[in-house]
Amino acid sequence: DVDGDGDDEVWAVVGHGASTTVMGLFALDGCELGAVQLEGTDAQFAVGGPVLLLQGLRCEPGRIVHLGATSEDGESFAFLDLIYELRGTELVRVDDATGTLTAADPGLQAYSSFDC
(Lines give C-alpha, C1' and ligand atoms only; values in the text may rest on other atoms or scores of the structure.)
Protein backbone atom coordinates (compact mmCIF):
# COMPACT_ATOMS: atom_id res chain seq x y z
CA ASP A 1 0.00 0.00 0.00
CA VAL A 2 2.27 2.76 -1.32
CA ASP A 3 0.06 5.72 -0.48
CA GLY A 4 -1.56 4.43 2.71
CA ASP A 5 -5.11 4.56 1.32
CA GLY A 6 -5.90 0.93 2.20
CA ASP A 7 -5.69 -0.29 -1.41
CA ASP A 8 -2.71 -2.43 -2.39
CA GLU A 9 -0.34 -1.79 -5.24
CA VAL A 10 1.67 -4.53 -6.93
CA TRP A 11 5.17 -4.43 -8.43
CA ALA A 12 5.67 -6.84 -11.33
CA VAL A 13 8.53 -7.61 -13.69
CA VAL A 14 7.42 -6.31 -17.10
CA GLY A 15 10.67 -6.64 -19.03
CA HIS A 16 14.38 -7.42 -19.05
CA GLY A 17 17.44 -5.85 -20.58
CA ALA A 18 21.00 -7.11 -20.76
CA SER A 19 21.73 -5.94 -17.22
CA THR A 20 18.38 -4.58 -16.04
CA THR A 21 15.00 -5.72 -14.92
CA VAL A 22 12.04 -3.48 -15.73
CA MET A 23 9.50 -3.18 -12.93
CA GLY A 24 5.94 -1.94 -13.45
CA LEU A 25 3.62 -0.58 -10.77
CA PHE A 26 -0.01 -1.63 -10.77
CA ALA A 27 -2.99 -0.64 -8.63
CA LEU A 28 -5.14 -3.48 -7.31
CA ASP A 29 -8.87 -2.76 -7.40
CA GLY A 30 -10.63 -5.84 -6.07
CA CYS A 31 -9.42 -8.55 -8.44
CA GLU A 32 -8.50 -6.12 -11.22
CA LEU A 33 -5.00 -4.79 -11.88
CA GLY A 34 -4.54 -1.46 -13.61
CA ALA A 35 -1.23 0.12 -14.55
CA VAL A 36 -0.29 3.15 -12.48
CA GLN A 37 0.44 6.09 -14.76
CA LEU A 38 3.50 8.33 -14.87
CA GLU A 39 3.41 11.31 -17.22
CA GLY A 40 0.72 9.72 -19.40
CA THR A 41 2.25 6.26 -19.73
CA ASP A 42 2.48 3.08 -17.65
CA ALA A 43 4.84 3.56 -14.68
CA GLN A 44 7.89 1.42 -15.39
CA PHE A 45 11.36 1.62 -13.88
CA ALA A 46 14.64 -0.05 -14.77
CA VAL A 47 16.56 -1.69 -11.93
CA GLY A 48 20.20 -2.65 -12.32
CA GLY A 49 22.36 -1.50 -15.19
CA PRO A 50 25.95 -1.64 -16.37
CA VAL A 51 28.85 -0.60 -14.13
CA LEU A 52 28.74 3.11 -15.03
CA LEU A 53 24.93 3.58 -15.09
CA LEU A 54 23.04 2.30 -12.05
CA GLN A 55 19.29 2.42 -11.40
CA GLY A 56 17.33 1.31 -8.37
CA LEU A 57 13.99 1.67 -6.61
CA ARG A 58 13.26 2.32 -2.96
CA CYS A 59 9.86 2.60 -1.32
CA GLU A 60 9.44 4.97 1.60
CA PRO A 61 6.26 5.72 3.53
CA GLY A 62 3.97 7.35 0.96
CA ARG A 63 6.75 7.70 -1.63
CA ILE A 64 8.67 5.89 -4.33
CA VAL A 65 12.24 6.93 -5.05
CA HIS A 66 13.83 6.12 -8.41
CA LEU A 67 17.57 6.10 -7.80
CA GLY A 68 20.00 6.86 -10.61
CA ALA A 69 23.80 7.10 -10.53
CA THR A 70 26.29 7.63 -13.34
CA SER A 71 30.06 7.53 -13.48
CA GLU A 72 32.76 8.18 -16.05
CA ASP A 73 35.54 6.37 -14.18
CA GLY A 74 33.82 3.77 -11.97
CA GLU A 75 35.12 5.52 -8.84
CA SER A 76 32.99 8.66 -8.46
CA PHE A 77 29.23 8.57 -9.10
CA ALA A 78 26.85 11.49 -9.55
CA PHE A 79 23.37 10.59 -8.36
CA LEU A 80 19.91 11.90 -9.12
CA ASP A 81 17.04 10.54 -7.04
CA LEU A 82 13.54 11.24 -8.40
CA ILE A 83 10.91 11.21 -5.66
CA TYR A 84 7.28 10.40 -6.45
CA GLU A 85 4.00 10.22 -4.57
CA LEU A 86 1.08 8.07 -5.66
CA ARG A 87 -2.07 10.14 -6.10
CA GLY A 88 -4.94 7.91 -7.10
CA THR A 89 -3.49 5.89 -9.98
CA GLU A 90 -0.94 8.54 -11.02
CA LEU A 91 2.65 8.89 -9.84
CA VAL A 92 3.54 12.55 -9.38
CA ARG A 93 7.12 13.79 -9.07
CA VAL A 94 7.34 15.84 -5.88
CA ASP A 95 11.06 16.28 -5.30
CA ASP A 96 14.55 15.23 -6.29
CA ALA A 97 17.94 14.89 -4.65
CA THR A 98 21.41 15.13 -6.18
CA GLY A 99 24.93 14.52 -4.96
CA THR A 100 27.96 12.30 -5.32
CA LEU A 101 29.02 8.92 -4.01
CA THR A 102 32.22 6.93 -4.31
CA ALA A 103 32.45 3.31 -5.41
CA ALA A 104 33.46 2.42 -1.82
CA ASP A 105 30.33 4.02 -0.32
CA PRO A 106 27.98 1.28 1.02
CA GLY A 107 25.02 3.44 -0.04
CA LEU A 108 25.88 2.92 -3.70
CA GLN A 109 24.42 -0.63 -3.52
CA ALA A 110 20.90 0.84 -3.39
CA TYR A 111 21.48 2.31 -6.85
CA SER A 112 21.18 -1.11 -8.47
CA SER A 113 18.64 -2.66 -6.08
CA PHE A 114 14.89 -3.05 -5.67
CA ASP A 115 13.78 -2.27 -2.10
CA CYS A 116 9.98 -2.12 -2.05
Side-chain angles (χ1 to χ4, degrees):
D1 185 7
V2 172
D3 55 3
D5 68 355
D7 295 325
D8 288 331
E9 287 77 38
V10 175
W11 288 101
V13 174
V14 295
H16 293 281
S19 58
T20 60
T21 299
V22 180
M23 303 297 295
L25 182 60
F26 298 85
L28 185 61
D29 182 14
C31 293
E32 299 291 321
L33 280 179
V36 169
Q37 298 295 295
L38 173 60
E39 299 175 355
T41 189
D42 294 354
Q44 297 182 0
F45 300 93
V47 176
V51 174
L52 302 178
L53 174 62
L54 307 175
Q55 298 182 79
L57 276 173
R58 179 177 65 230
C59 291
E60 299 175 349
R63 293 185 166 189
I64 295 169
V65 183
H66 187 217
L67 308 164
T70 59
S71 177
E72 293 183 12
D73 60 10
E75 293 298 321
S76 178
F77 289 80
F79 71 81
L80 171 61
D81 300 347
L82 304 177
I83 303 166
Y84 299 94
E85 289 181 355
L86 183 60
R87 298 182 182 165
T89 58
E90 181 82 21
L91 276 179
V92 177
R93 186 170 160 187
V94 296
D95 205 356
D96 59 61
T98 61
T100 59
L101 295 166
T102 67
D105 190 320
L108 189 62
Q109 177 65 34
Y111 285 81
S112 59
S113 301
F114 178 79
D115 185 16
C116 288

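Values below: all heavy atoms of this structure, side chains included; hydrogens, waters and symmetry mates excluded. Along the sequence shown, residues carry numbers from 1.
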A.B. asks: Do other residues, nucleotides or ligands put more than 12 heavy atoms under 6.0 Å from Gln109 CD?
C.D. replies: no
A.B. asks: Are Ile83 and Arg93 side-chain neighbours, meaning at least one heavy-atom pair lies under 4.5 Å?
C.D. replies: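 No, their side chains stay 4.5 Å or more apart.
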A.B. asks: Would you say Val94 and Arg87 make side-chain contact, with heavy atoms under 4.5 Å?
C.D. replies: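 With C-beta onward as the side chain, the pair touches.
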A.B. asks: Ignoring hydrogens, what is the shortest heavy-atom contact between Ala27 and Thr89? Give both atom names and the distance.
C.D. replies: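 It is CB-CG2, 4.2 Å.
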A.B. asks: May I ask you to decide if Asp115's main-chain N or O and Ser113's side chain share a donor-acceptor pair within less than 3.5 Å?
C.D. replies: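 Not at all, since once roles are kept as given, no pair shorter than 3.5 Å links the two residues.
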A.B. asks: Kindly give the heavy-atom pair with the smallest separation between Ala103 and Gly74, and that separation in Å.
C.D. replies: CB-O, 3.3 Å
A.B. asks: Once you round to the nearest 0.5 Å, how far does CG of Leu108 lie from OG1 of Thr102?
C.D. replies: 7.5 Å
A.B. asks: Is there a side-chain contact (heavy atoms from CB on, under 4.5 Å) between His66 and Asp81 once you walk through the steps?
C.D. replies: CA-CA 6 Å; His66 187 217; Asp81 300 347; over 6 Å; no
A.B. asks: So do the side chains of Tyr111 and Phe77 get within less than 4.5 Å of each other, counting heavy atoms only?
C.D. replies: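 A side-chain contact is absent here, since even the closest heavy-atom pair is not under 4.5 Å.
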A.B. asks: Each residue besides Tyr84 in its hydrophobic cluster should be listed here, by chain and number; the cluster joins Ile, Leu, Val, Met, Phe, Trp and Tyr at side-chain heavy-atom distances under 4.5 Å.
C.D. replies: Val2, Trp11, Val13, Met23, Leu25, Val36, Leu38, Phe45, Val47, Leu57, Ile64, Leu80, Leu82, Leu86, Leu91, Phe114
A.B. asks: Take Ser71 and Asp73 through the side chain to side chain donor-acceptor pair (under 3.5 Å) test and state the conclusion after the steps.
C.D. replies: CA-CA 6 Å; Ser71 177; Asp73 60 10; 3.2 Å; yes
A.B. asks: So which atom in Phe26 and which in Ala35 form the shortest heavy-atom distance, rounded to 0.1 Å?
C.D. replies: CD2-CA, 3.6 Å
A.B. asks: Once side-chain hydrogen bond (donor to acceptor under 3.5 Å, both in side chains) is applied, what residue pairs with a partner in residues 34-53 remain, sequence neighbours excluded?
C.D. replies: Gln37-Asp42
A.B. asks: Using the rule that Ile, Leu, Val, Met, Phe, Trp and Tyr join whenever any side-chain heavy atoms are under 4.5 Å apart, tell me whether Leu101 and Leu53 fall into a single cluster.
C.D. replies: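 In one cluster with Leu101: Leu53, no.
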A.B. asks: Out of curiosity, Thr21 OG1 to Gln55 CD, how far, rounded to the nearest 0.5 Å?
C.D. replies: 11.5 Å
A.B. asks: Within a strict 4.5 Å, meaning less than it, do heavy atoms of the Asp7 and Leu28 side chains meet?
C.D. replies: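 Contact flag for Asp7/Leu28 side chains = no.
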